[in-house]
Amino acid sequence: MKRIKAIYPGSFDPPTNGHLDLIERGSKIFDELVVAILRNPEKDPLFSVADRRKMLEAMTSGFDNVSVDTFDGLTVDYALRVEARAILRGIRAISDYEYELQMALMNRKLQPGLETVFMMPAEKYSYLSSRLVREVAQLGGSIECLVPDLVEQKLREKIDVAHKFANREQSAGKTPSEGKGKFRKKKL
Ligand code: PNS
């Protein structure tokens, strides 16, 4: 019997419980699922690719048929290289659909043999995105239940380091880079 391998490509900056929910669902319908982190030199990510990989590896260690990898270039080329037959993507709401449809059709044009499979995460994650998690965490809001504990811890560590850096700048008499950098100092 033919085994079906799929890739789940994305930025995962940081990975969230919504991603994990989708990975779990994907792992149940595909024989093999590769979570593929895009190495995008044009983006200025919060977490390095190595950090994201470590977090995803820890998050998926309980799934026998899930692995984590990184790639650059076209997703379809990567899929072909690893002999995947499908691309898994999540759709949270209608607002995701237009962009996802465009991508899926472009990928089909580039590589007609490859199918995109859309899955919906649990409703409780329908508003959840990496961008919002970054923003809420940086502004001191609670991200409990939105990301796995280890991701929350990594986010807190990053924010503490950024705050220490901002404090040092301030005490050295420099203008604090409030609002410009990745982190704004939390107002007490
Ligand atoms: O998590 P994201 O940022 O929504 O993931 C987007 C991703 C990585 C799936 C998309 O940007 C992508 O496939 N990039 C690789 C380059 C590529 O293949 N571009 C053409 C897409 S039609």
Side-chain angles (χ1 to χ4, degrees), residues 4-27 29-30 32-60 63 66-138 143 146-148 150-152 154-155 158 182:
I4 300 184
K5 181 174 184 175
I7 59 165
Y8 176 30
S11 309
F12 306 104
D13 185 33
T16 68
N17 282 342
H19 292 129
L20 188 56
D21 181 279
L22 214 74
I23 291 168
E24 186 174 356
R25 288 171 201 278
S27 76
I29 63 163
F30 297 112
E32 246 182 283
L33 181 65
V34 183
V35 181
I37 309 163
L38 175 67
R39 291 194 303 267
N40 187 349
E42 278 160 36
K43 269 199 176 174
D44 182 20
L46 179 59
F47 287 103
S48 68
V49 170
D51 276 348
R52 282 177 270 161
R53 185 181 195 146
K54 270 189 223 146
M55 289 188 272
L56 278 163
E57 277 172 351
M59 284 162 66
T60 58
F63 302 104
V66 176
S67 59
V68 182
D69 196 8
T70 65
F71 75 104
D72 52 20
L74 286 174
T75 295
V76 290
D77 288 345
Y78 172 74
L80 237 59
R81 249 193 337 268
V82 298
E83 297 179 346
R85 288 176 52 204
I87 298 173
L88 172 66
R89 290 286 290 171
I91 291 202
R92 292 161 298 189
I94 288 290
S95 49
D96 282 339
Y97 182 71
E98 220 168 308
Y99 169 64
E100 292 296 334
L101 177 72
Q102 216 179 356
M103 243 188 349
L105 293 179
M106 178 59 85
N107 283 335
R108 180 183 282 168
K109 165 96 179 76
L110 293 168
Q111 201 49 252
L114 206 58
E115 288 300 334
T116 297
V117 175
F118 293 128
M119 293 186 88
M120 291 153 295
E123 302 94 281
K124 63 180 170 183
Y125 301 129
S126 59
Y127 64 93
L128 183 54
S129 72
S130 296
R131 184 182 63 77
L132 282 182
V133 164
R134 284 196 304 269
E135 190 171 314
V136 170
Q138 285 165 5
I143 47 164
L146 304 182
V147 293
L150 87 154
V151 176
E152 188 178 350
K154 287 265 173 217
L155 272 162
K158 271 218 177 275
K182 281 192 183 129

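Numbering of ligands and ligand atoms starts at 1, following listing order. Values below: every heavy atom of this structure, side chains too, minus hydrogens, waters and symmetry copies.
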Indicate yes or no for a side-chain donor-acceptor contact from Ser130 to the backbone of Pro14 under 3.5 Å, with no hydrogens or angles considered.
yes
For atom 9 (C) of ligand 1, what is the closest protein heavy atom, and at what distance to 0.1 Å?
Arg89 NH1, 3.4 Å
Any idea which of Arg108, Glu100, Lys43, Met103 brings a heavy atom closest to atom 21 (C) of ligand 1?
Met103
May I ask you to decide whether Arg25 forms a salt bridge with Asp21, counting only side-chain N to carboxylate O separations under 4.0 Å?
yes
Tyr125 vs Thr16, test: side-chain contact (heavy atoms from CB on, under 4.5 Å). Steps then yes/no.
CA-CA 9 Å; Tyr125 301 129; Thr16 68; over 6 Å; no
With a 4.0 Å cut-off on heavy atoms, is Gly73 in contact with ligand 1?
yes
Check this for me: Met120, atom CE, are more than 12 non-hydrogen atoms of other residues, nucleotides or ligands nearer than 6.0 Å?
no
Please could you name the atoms of ligand 1 that Thr75 approaches to less than 4.0 Å, counting only its heavy atoms?
12 (C), 13 (O), 14 (N), 15 (C), 17 (C), 18 (O)
With a 6.0 Å cut-off (strictly less than), is the heavy-atom count around NZ of Lys54, excluding the residue itself, greater than 12?
no
Treating Lys158 as the side-chain partner and Phe47 as the backbone partner, does any N or O pair qualify as donor plus acceptor under 3.5 Å?
no
Got an N/O contact under 3.5 Å between Ser11 and ligand 1?
yes
Give the single entry among Leu74, Leu110, Leu38 that approaches atom 17 (C) of ligand 1 most closely by any heavy atom.
Leu74
Check whether any heavy atom of Gln102 sits under 4.0 Å from an atom of ligand 1.
no
Contacting atoms of ligand 1, where contact means under 4.0 angstrom from a heavy atom of Met106:
22 (S)
